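Fair warning: this is a prediction, and the values are worked out from it, not measured in the lab. What's counted below: heavy atoms across the whole structure, side chains too, no hydrogens, waters or symmetry copies. To find a chain, count down the sequence lines: A is the first, B the second, and so on, and within it residues start at 1.
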Amino acid sequence: MEIALPDKPSLDDLEAKWDRRWSAARLYEFDRSAPRERIFSIDTPPPTVSGSLHVGHVFSYTHTDIIARFQRMLGREVFYPMGWDDNGLPTERRVQNYYGVRCDPSLPYTDGFTPPAKPSAKPSEQVPVSRKNFVELCHGLTRLDERAFEALWRRVGVSVDWSMTYATIDDDSRAIAQRGFLRNLDRGEAYLAEAPTLWDTTFRTAVAQAELEDRETPGAFHELVFHHAGADIRIQTTRPELLPACVALVASPDDERYQPLFGTTARTPLFEVDVPILSHPLADPDKGSGIAMVCTFGDLTDVTWWRELQLPTPAIVSRDGRISRDTPDWITSDTGRKYFADIAGKTVFSAKQAIVDALRANGELIGAPRPIKHAVKYYEKGDRPLEIVTSRQWYITNGGRDEDLKRALLARGAELRWHPAHMLARFENWVEGLTGDWLISRQRFFGVPIPVWYPLDAQGEVDYTTPLVPNTARLPIDPAVDLPDGYSEAQRGVPGGFVADPDVMDTWATSSLTPQIAGRWTIDDDLFERVFPMNLRPQAHEIIRTWLFSTVLRAHLEHGELPWQRVAISGWILDPDRKKMSKSVGNVVTPMDLLEKYGSDGARYWAAKGRPGADTAFDEGMMKIGRRLAIKLLNASKFVLSIVRDGDAVPATAVVNPLDQALLQQLAGVVDEASGALADYDYTRALETTEEFFWRFCDNYLELVKDRAYDRDDVRGSASARATLLLALDVQARLLAPFLPFATEEVWSWWHDGSIHRTSWPVADELTGVGGTAQPLDVAEFVIGEIRKAKAKAGLSMRAELARVAVRGLDPSLGDGLLADVGRAGKVTAIEAIPSDKAELRVEITQ
RNA sequence: GGGCGCUUAGCUCAGCGGGAGAGCACUCGGCUUACACCCGAGCGGUCACUGGUUCGAUCCCAGUAGCGCCCACCA
């Protein structure tokens, strides 16, 4: 055994040094020749490459890496690729602001386009570019971002195989996403439908149920007068600007106030349109005046009424969030048409003002608008309330309209192993609440195009019923550039020819296929069979409804099985005040600064202290402790190795001293507990157990035996201590390796060839063979503790010599050797056991 | 409105049927030849509240309150 020790061990620069060597040695490269049962495959969450790195990234990816390193040391071949989620709106938005451009699909491609020198974030000053130019800029910027991300992960010590990196927008990912879609289409799981759709007027795209969030928004109840042959009817609304699109009044069938009116009509204020008064159970007699106006469309309840009462669709809100410019033909009176002309082309906000003013002037507004706060639906990435417009969109069945499918998906959720288990409730909650199929088409630019075209008939009308699909061997395709089989470019957009579907897919339509993308489904069947279904999906809890659910859905539809066996859910990072971090508060620390200050091992320690699924406060103090643990490991290792330096390899059979045996017996227990915890994804418990033992090892055991280990006259005792120290260090370094990959690798290199991360995880059998019991260590720790307490109480230095220590109640079989170790460590002139009737240990100290 | 989780020392959190714990912070004492990026000792808690089960409850059950998150057709 060769031992090479540094004079002054340090954590500085370990990250760069070992990242370099691990890369050169291809330490984490996946060996694809391994059989399926020996492979541990991880469906890594591809982070959104939107330019900002967050400590939350360090937090959750460390959790996964700990599991990956543990499994690797168990002898599993770990399939651990990294992906970049670079497709979709976040990238588009970042490119717009970063370069000061906006996409105008009607423009031709500009060769060698260079973005403006001084980019403007104002939409009006942004330079319009073609879709192809725009997509090129997206690719360019995401490559920059990806380099920054990779540098961070390497610094953190995430042990991914960088040779297998994928991007959700790359050719293979687009091909797989399009193939997946076409197969859904083939099986009837994907379909095109024209329907009321939640619509973001800022981004001008449809939005899916999974991307919605409610926000408390200020609004106001306006009480309006509808005219009726009998008496006027008062209705309350928060959307008076939709009055011109009012198609009915609805009250509860049980509401005696309105029962006589059902079947009659009322006349709308201002616009003088006659609308029917109908009954529907969703109308709530306790809300407002108990009767509501139905507009197309103010909210999702309007959609329900419209569908179930079979009302007409006179929409007035355009896709840009403005009232339509043309006066609708159902408004026939002159005064009605005049009022509409006043709001035509206005935003809904100014239209509301105008309508309220007109109602007031006309005496059709009762009292003042009453301000309220109410929940309004927003696109989670948007800033303005969603409108509802009717549009043609692609959907994938998800159980929202099919009870059998819903039940099947709930069964899949229950089949999956969840860590922590209670997160299953989130999944079930979501699936049970689904109300419609998954809307996957987006009217955006940087994404995977929907790979279909539509034939045009002789009059140039689009035939949406028989989409033209490409041969899957051609994927990926862009229908705006590529041609359907049997057509020529000259036929694009002309009668008898074809048109491309202009939309791209929802980013989740690609992200829901990450197990297939990472495993190279349909591209590399041999690989796919070895890694799919994946062993583990790690992810955060707020995307259970989107990412986790859609991935389960796609695998269920495509493969008839789960995409992974287990899912491990990470919590959120909160700032020390238990709030989410924000840049405006100025409490955000960039991950790189933290990694430099505390070392990657220190930051990883903090991450590992966050239990699976638990929200965790960002805590620099915890990183400091982690750094201390890593430094302690360096120093203790150096010390141990300096003692055994000239002793060569000492066989474990040399461990004959009861105290030494006890240490190894207790360490065996730690190995069992840590292994069990890690196998169950409880990395926090594994670390706690290991860490607690390690501090006892340093503070107590090392102090107790170091003099004996040095003592060349006590040949047997010295050899026993040295063998124990070396074995215990060896095992503890391996137990800590998943948590502190840099410090443990550094230490390991002092007396081993090869990486600690490819050596074997410790097993209790390595330690229990020496015999003995666990008790002597506890006894010795108790006695040395009493000695320390006595010295502290008496105001003595720990170095102060004590005249005599007597221990009563000591088990005679423990022998004198134990007390000799304690006596030396405690600087006691004379220490002896005194026979006692009682089993209870008592220590008597004479100064 | 429905669901899930949390509430233990100043802070961050373990423990989850029979002795209330750790780290940090704080106080005191130590340059003890691995480590002063250190070591030792100490102070500190009606385990949210109310009932119930039990010989016994921080731990089980029911309810209450507060906090957080997820979901919901919120005129």
Please state whether the phosphate of [N], meaning OP1 or OP2, lies under 4.0 angstrom from any side-chain nitrogen or oxygen of [X].
X: A/Arg788; N: B/C39; value: no
X: A/Arg628; N: B/C24; value: yes
X: A/Lys373; N: B/C74; value: no
X: A/Lys609; N: B/C13; value: no
X: A/Tyr710; N: B/A34; value: yes

Discussion item. Can you confirm if the NZ or CZ of A/Arg370 lies within 45° of the ring axis of A/Phe221 and under 6.0 Å from the centre of its six-membered ring?
Written reply: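 Cation-pi check for A/Arg370 and A/Phe221: fails.
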The side chain of [X] is closest to which nucleotide in this list: [options]?
X: A/Asp615; options: B/G68, B/G42, B/C73; result: B/G68
X: A/Ala425; options: B/A14, B/G3, B/U12; result: B/G3
X: A/Ile625; options: B/G23, B/A14, B/C39; result: B/G23
X: A/Asp699; options: B/G2, B/C39, B/C73; result: B/C39
X: A/Arg545; options: B/C24, B/G40, B/C71; result: B/C71
X: A/Glu688; options: B/U32, B/A14, B/U12; result: B/A14
X: A/Asn429; options: B/U12, B/C37, B/G2; result: B/G2
X: A/Arg799; options: B/C31, B/A34, B/A14; result: B/C31
X: A/Asp619; options: B/G15, B/C35, B/U12; result: B/U12
X: A/His541; options: B/C69, B/G5, B/G40; result: B/C69

Under 3.5 Å for both donor-acceptor distances, Watson-Crick or wobble: does [N] have a partner, and if so which one?
N: B/G63; value: B/C49
N: B/G17; value: none
N: B/U54; value: none
N: B/C31; value: none

Worksheet item: Thinking salt bridges, do A/Glu428 and A/Arg426 make one under a 4.0 Å N-O criterion?
Response: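 No.
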Item to complete: Could you give me the CA-CA distance, side-chain angles and deciding distance for A/Met798 and A/Arg788, then say whether side-chain contact (heavy atoms from CB on, under 4.5 Å) is met?
Response: CA-CA 7 Å; A/Met798 287 301 136; A/Arg788 285 166 177 164; 3.9 Å; yes
Item to complete: Decide side-chain contact (heavy atoms from CB on, under 4.5 Å) for A/Asp601 and A/Leu633; before the verdict, give the C-alpha distance in whole Å, the side-chain angles of both, and the deciding distance to 0.1 Å.
Response: CA-CA 11 Å; A/Asp601 286 344; A/Leu633 176 67; over 6 Å; no
Fill in: Closest-nucleotide ordering on RNA chain B, the 5'-leading residue of A/Arg426 and A/Pro9
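Closest to the 5' end, via its nearest nucleotide, is A/Pro9.
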Practice prompt. Select from A/Asp214 and A/Lys8 the residue whose nearest nucleotide in RNA chain B is closer to the 5' end of that strand.
Written response: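 Upstream on the strand: A/Lys8.
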Worksheet item: Any donor and acceptor pair, going by atom type alone, linking the side chain of A/Ser718 with main-chain N or O of A/Ala709 inside 3.5 Å?
Response: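 Side chain of A/Ser718 to backbone of A/Ala709: a pair is present.
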Item to complete: With heavy atoms under 4.0 Å as the rule, sort A/Cys295 into base, sugar-phosphate or nothing.
Response: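 Touches nothing.
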Item to complete: Using a 4.0 Å heavy-atom cut-off across all strands, classify A/Ala614 as base, sugar-phosphate, or nothing.
Response: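 No contact.
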Worksheet item: Per the side-chain contact (heavy atoms from CB on, under 4.5 Å) rule, which among A/Leu740, A/Leu634, A/Leu11 passes with A/Glu746?
Response: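 Result: among A/Leu740, A/Leu634, A/Leu11, A/Leu634 is the only option passing the side-chain contact (heavy atoms from CB on, under 4.5 Å) with A/Glu746.
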